[in-house]
**Q** 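Got a structure for you, written out below as structure tokens; questions coming shortly.
Residues take their numbers from the sequence shown, with the count starting at 1.
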Amino acid sequence: MRFALIVIGLVLLIAGLWVVFGHGSYQQTDTLVQLGSAKVTATHDKAFPQWLGIAGIVVGALLALGGILKKG
């Protein structure tokens, strides 16, 4: 259980840092016009919110520290 907490915590911590430093984004595709089976779409790159990265850092650090400091 300790090892799992440490690994999950470190993964969340690294993902949070990745988002905070501006590398976290996803693509969203919108349909602009559709006539029958023909449609025009646009794809946009959107960044993850900053608060999501900060939350990942905090939760990841707490889980990793909890796994390290847990006795037994």
Side-chain angles (χ1 to χ4, degrees):
M1 185 68 179
R2 281 182 58 187
F3 183 72
L5 283 176
I6 294 169
V7 170
I8 293 170
L10 289 176
V11 168
L12 283 174
L13 183 66
I14 291 169
L17 289 171
W18 182 64
V19 169
V20 166
F21 289 115
H23 301 292
S25 65
Y26 62 96
Q27 291 185 343
Q28 182 178 4
T29 303
D30 298 325
T31 301
L32 301 176
V33 178
Q34 183 171 0
L35 287 169
S37 63
K39 61 182 173 178
V40 177
T41 60
T43 302
H44 308 282
D45 286 333
K46 299 222 176 199
F48 288 112
Q50 189 85 17
W51 63 266
L52 190 62
I54 294 170
I57 293 170
V58 171
V59 171
L62 289 174
L63 285 176
L65 285 175
I68 291 170
L69 298 177
K70 185 177 178 181
K71 294 182 180 179

**Q** Can you name the nearest heavy-atom pair linking R2 to I68, along with the distance?
**A**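 Scanning both residues completely, I find the closest heavy atoms to be NH2-O, 3.4 Å.
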**Q** Sequence neighbours excluded, which residues qualify as side chain to side chain contact (heavy atoms under 4.5 Å, CB included) partners of D30?
**A**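 D30: side chain to side chain contact (heavy atoms under 4.5 Å, CB included) contacts with Q28, H44.
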**Q** Among residues at least two apart in sequence or on other chains, which ones pass side-chain hydrogen bond (donor to acceptor under 3.5 Å, both in side chains) with T29?
**A**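 Here the qualifying residues are T43.
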**Q** For L65, which fellow cluster members are found when Ile, Leu, Val, Met, Phe, Trp and Tyr are connected by side-chain heavy-atom distances below 4.5 angstrom, either directly or through intermediates?
**A**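 When side chains under 4.5 Å apart are linked, L65 ends up in no cluster with other residues.
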**Q** Rounded to the nearest 0.5 Å, what's the gap from CZ on F3 to CD1 on I8? Could you check?
**A**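 Separation between the atoms: 10.5 Å.
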**Q** Please report the closest heavy-atom contact between V20 and I54, naming both atoms and the distance.
**A**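 Looking at all heavy atoms of both residues, the shortest contact is CG2-N, 3.8 Å.
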**Q** Is W51 reachable from V19 through a run of hydrophobic residues whose side-chain heavy atoms are each under 4.5 Å from the next?
**A**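 Both belong to a single hydrophobic cluster.
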**Q** Can you tell me how far CG of L5 sits from CG of L10, rounded to the nearest 0.5 angstrom?
**A**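 The distance works out to 10.5 Å.
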**Q** Would you please name every residue forming a side chain to side chain contact (heavy atoms under 4.5 Å, CB included) with L62, sequence neighbours left out?
**A**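 Once residues adjacent in sequence are excluded, the partners of L62 under the side chain to side chain contact (heavy atoms under 4.5 Å, CB included) criterion are V58.
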**Q** I'd like to check the side chain to side chain contact (heavy atoms under 4.5 Å, CB included) partners of S37; sequence neighbours left out, ordered by chain and number.
**A**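 Result, side chain to side chain contact (heavy atoms under 4.5 Å, CB included) vs S37: none returned.
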**Q** Taking ring-ring contact (aromatic ring centres under 6.0 Å, His included) as the test, write out the residues that go with Y26, two or more places apart.
**A**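 With sequence neighbours excluded, Y26 shows a ring-ring contact (aromatic ring centres under 6.0 Å, His included) to F48, given in chain and number order.
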**Q** Partners of F21 by side chain to side chain contact (heavy atoms under 4.5 Å, CB included), sequence neighbours excluded?
**A**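 If we apply the side chain to side chain contact (heavy atoms under 4.5 Å, CB included) test to F21, skipping adjacent residues, the hits are L17, H23.
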